[in-house]
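As structure tokens, the structure follows; a few thoughts come after it.
Labels below follow one simple rule: chain letters A, B, ... track the order of the sequence lines, proteins then strands, and each chain is numbered from 1.
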Amino acid sequence: MAAETLSTTTDRRKAPVLDVTPPRPRGALEDPVWVKALVMAAGLGFLALFILLPLLAVFAEALRRGVGAYWEALVEPDAWSAIVLTLTVAAIAVPANLVFGVCAAWAIAKHRFPGKALLLTLIDLPFSVSPVISGLVYVLLFGAHGLLGPVLREYDIQIIFAVPGLVLATVFITFPFVARELIPLMQAQGNDEEEAAITLGASGWQTFSRVTLPNIKWGLLYGVLLCNARAMGEFGAVSVVSGHIRGETNTMPLHVEILYNEYNFVAAFAVASLLALLAIVTLVAKSLLELRYGAELAATRRH
Amino acid sequence: MAGFRLHGAAASLAVPFRAERSVIPGFGLTLGITVTYLTLIVLLPLAALVMRPYELGFSGFVAEVTEPRVLAALKLSFGMAFLGACINALFGLAVAWMLVRYDFWGKKVVDAIVDLPFALPTAVAGIALTALYAPNGWIGQWLEPLGIKVAFTPLGVLVALTFIGLPFVVRTVQPVMEDLDKELEEAAASLGATRLETFARVIFPTILPALLTGFALAFARAVGEYGSVIFIAGNMPMVSEIAPLLIIIKLEQFDYAGAAAIGTTMLGASFVLLLVINLLQRWTRRWAGI
């Protein structure tokens, strides 16, 4: 192999002056300039094509007919009720999964018990299920021809094609976010501080609120942030259970679909631009958290 | 992004298989809540799905999922998800390498923006990609004279599935690349290996498990994807109709059992993928020593 480095093909690339000196130590791990250029071009080009352009397209299309048309599409009553519904669904689903996530993390990270690996896999399950299937399962349970459909009809309870169905589907989709963030974080932090608090006479709740919570608050916020973004933006699962009743069971993503299918592109992209803004805010907040509290989140970032 | 890693499982395997008493209280309560909530929200509804095709009988189930339109949809979903994951493996590797090894202006922004497909609602991605690749769109108008049609063809499905799987490879390969032992590369270089040889024989084998994990995650996500695809696909039966859309069509026709049959098939595939990803991640941890 030593002979190869002396071959003319590699020599040709180096400046003749450098040939007489031994290779710089820094240079040994440096990629040749043309490789660097190629990788940068491939990487940046790929990201520009698949991320930057779609993002720009959303805002360009939304503002195509000017700010007036943009604004009109957002203050229209159906758009408003979609925004309110989206916020309502997220306001129920996120806290529910927050409480679940903290409980799951406390049980799994602070205690030892058989079947832990299985429980972790089951918590992850909603991530590997198609969004459409997440909606389908509730239709099969609560729909008119579903398992519990006849019972629900008797008591006049509507779950599918109504708000409860939207909430259930959203909870399913965002189920693992907070738990997934907290479990590795709390595992990495260990039990020492909590054990000290208990030994000193603190109650379980005091230990959690004064010792554990301050330790995990940034991880918790991180999980809630991602959970919320997904809850507000979910499309496939809610599309199955919503029934697309305008002004009643239309969340923002579903409203985007309806407007788009009616060829009302400016309005569709205007509502979409709000969701894109939400995504950008989420990414900025997430990056800030990673920058400032990277060390505290490190346990989760590393795996 | 955190959610898509299956850590902790390996760590808990080392624990002896018995419950241990801990001084930390609340085990019964929190585990009780966890298991109850998990059962009600996830396990029971999934059981309802898996049980449903039974009314078709086994032969009915097979007939349902081997119907030409269903087969074509499954083939499209799995085939395009596979191709999309391949594209992501290649370019994701370049993006990860660029972010870990090179310094350039605006690197932090580029790093953050990689996660956009996780954060951007799929319906928004769907209409944005359609606007770009439609025959009069920013990209579509350049492809049209070349005779390449993207929007409303299977190629459009590929574009959407590539978008949706983009962050997975980058985010699984990146931490492993950051942990690479540079001394090994120095040793290889001082022993006379060219940069290409060092990459192929020292670096690549170390990041391969992570690359495959990212590939599998991107593939798994793309197979079930719905929102970003339906706008750009055109949804022509037998040509550009994906499997999740077929589930919705069957539901709208009140063919619950048929929808459940396709759903169960896709769920089965997800389980197999989950298992593969789990094994790959265990392999990654062993290689990378995390």
State, with a plain yes or no, whether a side-chain heavy atom of A:I51 is found less than 4.5 Å away from one of B:L120.
no
So what's closer than 4.5 Å to chain A heavy atoms on B:I41: side chain, backbone, both or neither?
both
A:L53 and B:Y133, any side-chain heavy atoms less than 4.5 Å apart:
no
Is B:F254 in contact with chain A via its backbone, its side chain, both, or neither, using a 4.5 Å heavy-atom distance?
side chain
B:L116 versus chain A, the contacting section by heavy-atom distance below 4.5 Å:
both
Within the 4.5 Å heavy-atom criterion, are B:L29 and A:W106 side-chain neighbours or not?
no
With respect to chain B, which residue among A:M252, A:E257, A:E194, A:M232 yields the maximal number of heavy-atom pairs within a distance under 4.5 Å?
A:E257
Interchain contact, B:L38 with chain A, by part (heavy-atom threshold 4.5 Å)
both
Heavy-atom proximity to chain A below 4.5 Å, by part of B:I230:
side chain
Interface moiety of B:K182 toward chain A, non-hydrogen atoms closer than 4.5 Å:
both
For the residue pair A:Y260 and B:F231, does the interplanar ring angle fall in the parallel (under 30°), tilted (30 to 60°) or perpendicular (over 60°) class?
perpendicular
Could you tell me whether the side chain of A:L125 reaches within less than 4.5 Å of the side chain of B:F271, counting heavy atoms only?
yes
Using non-hydrogen atoms and a 4.5 Å limit, figure out which bit of B:L267 sits close to chain A: side chain, backbone, both or neither.
both
With only heavy atoms counted, which part of B:A220 is less than 4.5 Å from chain A, the side chain, the backbone, both or neither?
neither
Highest number of heavy-atom pairs under 4.5 Å with chain B: which of A:T207, A:L278, A:V171, A:V129?
A:V171
Part of B:L93 lying under 4.5 Å from any heavy atom of chain A:
neither
Verify whether the ring centers belonging to B:F91 and A:F50 lie closer than 6.0 Å.
no
Check: B:I24 main-chain N/O paired with A:H111 side-chain donor or acceptor under 3.5 Å:
yes
Portion of B:V170 that has a non-hydrogen atom of chain A nearer than 4.5 angstrom
neither
Is the backbone N or O of A:M40 less than 3.5 Å from a side-chain atom of B:W97, with the two atoms forming a donor-acceptor pair by type?
no
Name the option with the most non-hydrogen atom pairs under 4.5 Å to chain B; the candidates are A:V102, A:L283, A:I108.
A:L283
Using a 6.0 Å cut-off, check whether atom NZ of B:K107 has over 12 heavy atoms from anything other than its own residue.
yes
Donor-acceptor check, side chain of A:S128 to backbone of B:S270, threshold 3.5 angstrom: yes or no?
no
With under 30° as parallel and over 60° as perpendicular, where do the rings of A:F113 and B:F27 fit, or are they tilted in between?
tilted
Residue B:E55 excluded, over 12 heavy atoms near CD under 6.0 Å
yes
Mind checking the CZ-NE2 spacing from B:R52 to A:H145? Nearest 0.5 Å is all I need.
9.0 Å
Identify which part of B:V114 has an atom lying under 4.5 Å from any heavy atom of chain A, answering side chain, backbone, both or neither.
both
With a 4.5 angstrom heavy-atom cut-off, could you sort out which part of B:I139 is near chain A: side chain, backbone, both or neither?
side chain
Evaluate salt bridge (charged side-chain N to carboxylate O under 4.0 Å, His left out) for B:D115 paired with A:K286, printing each intermediate quantity in order.
CA-CA 10 Å; B:D115 278 332; A:K286 177 175 164 293; 2.5 Å; yes
